[in-house]
Amino acid sequence: MERVFTPLDCLLPAGNLKFCLLILNQPFNKGHFHCLWSKAALRACVDGGANHLYHITEGSQESFLPDYISGDFDSIQPEVKEYYKAKGCELIETMDQDFTDFTKCLQILQKKIEEKSLQIDIIVTLGGLGGRFDQIMASVETLFHATNITPFPVIVIQECSLIYLLQPGKHELRVDTGLEGAWCGLIPVGNPCDSVTTTGLKWNLTNQVLKFGTLVSTSNTYDNSGIVTIETDKPLLWTMAIKT
Amino acid sequence: MERVFTPLDCLLPAGNLKFCLLILNQPFNKGHFHCLWSKAALRACVDGGANHLYHITEGSQESFLPDYISGDFDSIQPEVKEYYKAKGCELIETMDQDFTDFTKCLQILQKKIEEKSLQIDIIVTLGGLGGRFDQIMASVETLFHATNITPFPVIVIQECSLIYLLQPGKHELRVDTGLEGAWCGLIPVGNPCDSVTTTGLKWNLRFFHHKLQMRVVGITYFIWRFSYPSYKVTMLHPHVLCRI
């Protein structure tokens, strides 16, 4: 069954998709933040993500209170933690060292979506693609775990980049919101893909092997159709540019 | 045969390793730059890396001329290109669309190392771990290609992160320069690793460690912190090791 999806719909003021928002511990684009915050059904911070939320909403933090903040709290600033605690935000300490704060926050989010019977389409994560290299890779790792945590697609956005893990099968991505930047790519991170076929790209693939050391699709771009289709036999990471 | 290596030796003013320096199109730490530039046997810029070189050496660009600048020249600013051209720097246009500018620059570098019979130990790359997500992945991809291009280890450094691809076999990394930061990691990017064993880390891995048997899931990921003075890391499949 083909999954049809518009990755940047969440950044359109009049976009259709309903989503929850997770904020990670990285600087983020103010425009993206405000658009996502205003439309999100539920909003959470992962540990030091609360620091960024606090500072980017300076002067009006009260109007931007997260539903919860979770993590091992080794990054959140004490005054930030105290502020949100005093304002009644739920603080959930997650000490499990086998999973990252991001993965654990996703587990909590899924529980809350079920408890509140929220009707949503995707989960949007702000931050996670910059800074420490190991933490960028950890964000990718969480996308692998996400398939066992939540049925909803999870996308990660930071500055000009978006990533989304495509499961084996067929996918149709609508890339005609007007917010798409020039580049896109298909990254066989974690495992080679023996057969990938695409349409809608400048450099399409036909039953191609994608594998680190052989071929990785980076700096690709679109034809003018506004639709990209991807068929893959293994999990494959889609990445694309966002106009800033 | 075990490879013994001190990844951060190149950043020690009195370090022993001889290296060549490649500069990619990303902002970089001024301290790192000056230390690496002063000790490098050969220095090159990859396309827009020349922009960063030009600006970071403002006022004394003449004292920091690269041996060559290569790429498809779609990122280098016209005035920067003209400046280095007028100063006699070699400009090498590489139009092959199957490989990234970074990979092609490495091919040129290896040729020059052979032509000049340079005695070097490693190749150090500055930049490549920030900005566009597809280009971060392209840097990792180049490390995979590097094994077919040059016999020398290639490391990539940006801000607080370093990455280095460990080939199958045993490796010993000395991490006692004093420049090591708190974190490190082993990332099975590109393929699962069936058997990894380490010593010297806070959370070591052993043969048949259960987490690494999750091939279908894809990446497994850990963060370790150093706690011992001498370190031995043994790998059996390509990994990407990262820390500064």
Side-chain angles (χ1 to χ4, degrees), chain A residues 97-100 103 128-145 147-148 156-163 165 168 181-192 202-203 210-221 234-242, chain B residues 72 74 97-102 128-148 156-163 165 181-192 202-203 211 214-224 238 240-244:
Chain A
Q97 287 303 320
D98 280 346
F99 295 106
T100 62
T103 301
L129 305 180
R132 281 170 48 170
F133 185 83
D134 65 332
Q135 289 186 339
I136 298 174
M137 291 294 100
S139 299
V140 176
E141 165 71 340
T142 294
L143 294 187
F144 278 80
H145 285 296
T147 46
N148 297 325
V156 185
I157 288 175
Q158 181 164 354
E159 300 297 338
C160 72
S161 300
L162 173 151
I163 65 172
L165 185 63
W183 59 266
C184 60
L186 288 160
I187 318 292
V189 67
N191 48 256
K202 182 167 181 178
W203 290 286
L210 285 183
K211 181 180 174 180
F212 271 87
T214 304
L215 179 68
V216 175
S217 179
T218 61
S219 293
N220 208 329
T221 189
K234 303 261 183 21
L236 179 60
L237 195 68
W238 163 256
T239 182
M240 63 190 288
I242 307 169
Chain B
D72 52 16
D74 62 353
Q97 288 304 318
D98 282 347
F99 294 107
T100 62
D101 285 347
F102 178 13
L129 306 181
R132 281 169 47 170
F133 183 84
D134 68 329
Q135 288 186 340
I136 298 174
M137 292 295 100
S139 300
V140 176
E141 166 69 343
T142 295
L143 295 187
F144 278 79
H145 285 295
T147 46
N148 298 324
V156 185
I157 290 174
Q158 181 163 353
E159 300 297 336
C160 72
S161 300
L162 172 152
I163 65 171
L165 184 62
W183 59 268
C184 62
L186 290 159
I187 319 292
V189 67
N191 48 255
K202 181 165 182 179
W203 292 285
K211 283 174 181 171
M214 292 195 301
R215 292 187 217 195
V216 174
V217 173
I219 295 182
T220 56
Y221 166 79
F222 308 91
I223 301 179
W224 295 282
V240 176
L241 170 67
C242 41
R243 55 120 141 65
I244 280 192

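Chain letters run A, B, ... following the sequence lines, proteins first, then strands; residues in each count from 1.
- If you measure heavy-atom distances from B:T147 to chain A, you find no contacts under 4.5 Å at all.
- Proximity to chain B (any heavy atom under 4.5 Å) is restricted, for A:I187, to the side chain, taken from C-beta onward.
- Heavy atoms closer than 4.5 Å to chain B are found in both the backbone and the side chain of A:S219.
- Both the backbone and the side chain of A:T218 have a heavy atom closer than 4.5 Å to some heavy atom of chain B.
- Nearest heavy atoms, B:A138 versus B:T100: CB-CG2, 4.0 Å.
- When heavy atoms are compared at a cutoff of 4.5 Å, A:T214 approaches chain B solely by way of its backbone atoms N, CA, C and O.
- Looking at A:L186, neither its backbone nor its side chain comes within 4.5 Å of chain B, counting heavy atoms on both sides.
- For chain B, no part of A:L162 is nearby; none of its heavy atoms comes within less than 4.5 Å.
- The local environment of NZ in A:K234 is crowded, with over 12 non-hydrogen atoms from other residues, nucleotides or ligands closer than 6.0 Å.
- Contact of A:P188 with chain B is made through the backbone alone, with heavy-atom distances under 4.5 Å.
- For the pair B:D134 (side chain) and A:T239 (backbone), a donor-acceptor distance under 3.5 Å is absent.
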Verdict with reasoning, A:F212 to B:N191, per side-chain contact (heavy atoms from CB on, under 4.5 Å): CA-CA 8 Å; A:F212 271 87; B:N191 48 255; over 6 Å; no

Step-by-step side-chain contact (heavy atoms from CB on, under 4.5 Å) determination, A:L237 to B:F133: CA-CA 11 Å; A:L237 195 68; B:F133 183 84; 3.5 Å; yes

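- Ring geometry for A:H145 against A:F99 counts as perpendicular: the plane angle is over 60°, on a 0 to 90° scale with 30° as the lower cut.
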